[in-house]
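Below is one structure, written out as structure tokens; the observations come after it.
Atom set for the values below is all heavy atoms of this structure, side chains included, hydrogens, waters and symmetry mates excluded.
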Amino acid sequence: MKHVRLLYLLIPVFFIYSCGKNDAPVTLAPVLPVDTAKIDVSNQYGFNTSGSTLYMNNHDSQWRAKHFTVEELGLFASLDTVDLSSATFPGAVTDNGFVFMYPNPFFNYFACFKKLPPGFAGQVVLKMVIADSMLHPLFAKHARITANQHLQIMPGLAAGRYRLYYTLSAPTHEHFYQSWGNVQAL
């Protein structure tokens, strides 16, 4: 019985002693890198210099009409002061093929092409932003385009994979058409 009482007395002493300060260095497990990308730019649709499809993923909806998130629309903030007064709203723009930019991948430049409705004789304002996987805008441009116009762009990007966001705008119809596709600079 004496041993049991002694044991009950030693347990609190042991507990108090073990809660004391320990100056021994603590070894932590290594922190593994975490994929912090906000968007996936790995899936690429390939187009040659004439805009013909080289490869694509049919289950992916790149280069089709989208509804951007608030964060994605925020990429266009630097372009939202563009004068839209002489642009014309074409009524609607439909998806009529995947080609918007070609070639993909590209070296120094690429061309843009977006079909507008048949018979449309006005202009719309094209706004484009190229962002990295963290949604940091790296290139922004706007241009007035007419039906079936090709536009050459030299974004000056380092080699890598990115996402090209673009919208079409007209007075009272800001960003009426929205789309994106992944691009690769070589």
Flag, side chain of Glu71 to backbone of Leu135, donor-acceptor distance under 3.5 Å: no
Is there a donor-acceptor pair under 3.5 Å between the side chain of Ser169 and the backbone N or O of His175? yes
If the plane angle is over 60° it's perpendicular, under 30° parallel, otherwise tilted; pick one for Phe113 and His150. parallel
So does Val129 get a backbone contact from the side chain of Arg163, meaning a donor-acceptor N/O pair under 3.5 Å? no
Does Asn104 use its side chain to pair, donor to acceptor, with the backbone of Gln184 at less than 3.5 Å? yes
Step through the shown structure and confirm whether more than 12 heavy atoms of other residues, nucleotides or ligands are within 6.0 Å of NZ on Lys141. no
Does Asn182 use its side chain to pair, donor to acceptor, with the backbone of Gln44 at less than 3.5 Å? no
As a quick check of understanding, evaluate side chain to side chain contact (heavy atoms under 4.5 Å, CB included) for Leu168 and Leu126, giving each step before the final call. CA-CA 5 Å; Leu168 301 177; Leu126 166 70; 4.0 Å; yes
Rounding to 0.5 Å, atoms CG (Leu73) and CG (Leu75) come to a distance of 8.5 Å
With no hydrogens and no angle check, is any side-chain donor or acceptor of Asn108 less than 3.5 Å from a backbone partner on Met154? no
Between Ser179 and Arg64, is there a donor-acceptor pair closer than 3.5 Å when you use the side chain of the first and the backbone of the second? yes
Could you tell me how the ring of Phe68 sits relative to the ring of Phe76: parallel (under 30°), tilted (30 to 60°) or perpendicular (over 60°)? parallel
Output yes when Lys38 and Glu72 qualify as a salt bridge under the 4.0 Å nitrogen-oxygen rule, no when they do not. no
Look at atom OH of Tyr55 and say whether more than 12 heavy atoms of other residues, nucleotides or ligands are closer to it than 6.0 Å. yes
